[in-house]
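Everything numeric in this text was worked out from a predicted model, so none of it was measured.
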Amino acid sequence: TYVYTSLIEGFCKAGETDTAYNLYLQMRNVGLSPDEFTFSTIIYGLCMHGKMDLAQECFHNMSESSLKPNVVTYNSLICGLCQTQEVGKAVELFEEMLREGCTPDVVTCSSLMAGLCEFDNVSEASKLLGEMENKGCSPNVVMYNTLICAYCRKGELNRACDMLDEMAERGLEPDEVTYSTIIDGMCEVGDLPSAHSLMSKMIDSGLAPNVVTYTSMIDAHCKVGDRNGALRLLENMKKAGITPDVVTYTVLIDSFCKDYELETAFMMLDEIRAKGLVPNIITYNSLIDALCKFGETDEALRLFENLKIASITPDVVTYTTLIDSFCKKDKLEIAFSMLDEMRAKGLVPNVITYNSLFGGIRKRQDMEKAQLLMDQMQRQGCAPD
RNA sequence: AUAAGAUAUAGAUAUU
């Protein structure tokens with residue numbers, strides 16, 4: 001059972017959930033019974049790859065067996081439901097868990113809170129944090145971080161800072177995630193002085209800024225046009241012994257892209273590779289967008305084709321970038337063929353994709369096509385903005 | 001199955 005469980009976990013983490021699921025079925029045929037670890041592992045793995053129906057089936061299998069789901073099993077499924085926008089079902093499961101007499105822990109609670117926040121229901125998340133005490137679980141730093149992040153995303157920095165005070169009253173120490181989150185919030189509203197002073201405070205309190213902290217700061221400096229400030233921070237971070245990662249480099253690449261310093265951007269791409277890091281789809285999207293906007297559509301398409309060779313899967317943003325570019329160049333036929341292509345790959349166009357297409361159609365005054373797109377949006381439940 | 005088999009929070013890209 002232990003060996004099977006480990007294998008299942010390995011395949012899940014490698015994205016081969018089909019193999020993992022087959023192993024799960026196979027072990028029962030071999031006469032081995034999955035234990036609570038096995039169930040949690042397979043359920044979580046399936047959830048993380050969007051196979052919610054299979055995950056729920058496993059959960060039912062478990063209920064039918066002599067095993068009762070434990071906290072981790074519930075947490076795995078709750079977390080999965082939250083990440084696939086099914087927060088309502090997650091809340092139901094949470095209630096079921098209480099009925100079954102299973103005591104929620106900090107992980108249950110922070111998972112649910114993260115899901116609620118993602119769904120823009122921050123007040124409910126905050127309520128949950130208040131209620132946890134009575135349910136036998138006192139709030140920890142992760143729960144506060146989740147809430148602080150939600151306030152930061154809404155631009156309600158005062159509320160975020162209030163939470164910091166509340167933590168202090170409870171005797172909870174902010175950690176590097178807490179600080180990085182608020183620093184990023186300050187960066188996001190363009191308040192770099194506050195971000196800098198909070199970073200100093202962080203250091204004074206004995207915490208070292210990490211790669212995320214620095215990357216937020218670098219991004220903020222880039223976005224206000226302070227390239228030198230950004231590069232200074234990069235140097236500081238290296239001096240502090242922190243290694244920039246793909247995100248750090250991608251931030252810089254995007255900054256060069258936005259300034260149409262494509263040569264420098266591509267030099268940084270080489271630098272990423274030279275450091276043994278692997279550029280990801282966001283790195284490439286940035287470059288593809290810059291090439292498109294710079295009028296180098298052929299180069300952009302070449303890079304797009306190269307993604308397949310690098311075994312990187314284009315995402316909605318990649319296609320939308322290209323579609324938008326073709327729409328702006330009045331090459332609607334190509335734009336629509338890319339739309340077909342992305343759909344054929346199982347990618348679902350979003351509002352931004354449709355907005356781009358509408359922009360292209362507008363020039364041609366093709367009401368019929370516009371109506372057709374509207375219908376398609378409606379059918380897939382995509383609300384116009 | 002050992003501090004050691006499973007679960008939660010922060011940073012980058014596309015439309016206007």
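Shown here are the side-chain hydrogen bond (donor to acceptor under 3.5 Å, both in side chains) partners of A:R343, two or more places apart in sequence or in another chain: A:Y354, A:Q376. The side-chain contact (heavy atoms from CB on, under 4.5 Å) search around A:Y260 returns A:K293, A:F294, not counting sequence neighbours. Evaluation of the ring-ring contact (aromatic ring centres under 6.0 Å, His included) rule for A:Y21 yields A:Y24 as partners, not counting sequence neighbours.
A:S110 comes within 4.0 angstrom of a base, heavy atoms only. Within 4.0 Å (heavy atoms only), A:Y2 reaches at least one base atom of the nucleic acid. A:T41 comes within 4.0 angstrom of sugar-phosphate atoms only, judged by non-hydrogen atoms across all strands, and of no base. Looking at heavy-atom distances under 4.0 Å, A:V246 makes no contact with the nucleic acid at all.
Atoms CG (A:N355) and C1' (B:U15) sit 5 Å apart, rounded to a whole Å.
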Under the 3.5 Å Watson-Crick or G-U criterion, the dot-bracket string of RNA chain B, with | for inter-strand pairs: ................
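RNA chain B is contacted by no residue of residues 159-176 of chain A, taking any non-hydrogen atom closer than 4.0 Å. Listed by residue number, the members of residues 182-207 of chain A with any heavy atom below 4.0 angstrom from RNA chain B are A:D184.
Evaluated for a side chain to side chain contact (heavy atoms under 4.5 Å, CB included) with A:S76, the options A:I43, A:L46, A:V71, A:L81 yield exactly one hit, A:I43.
Here the separation of B:U2 from B:A6, taken at their P atoms, is 11 Å to the nearest Å.
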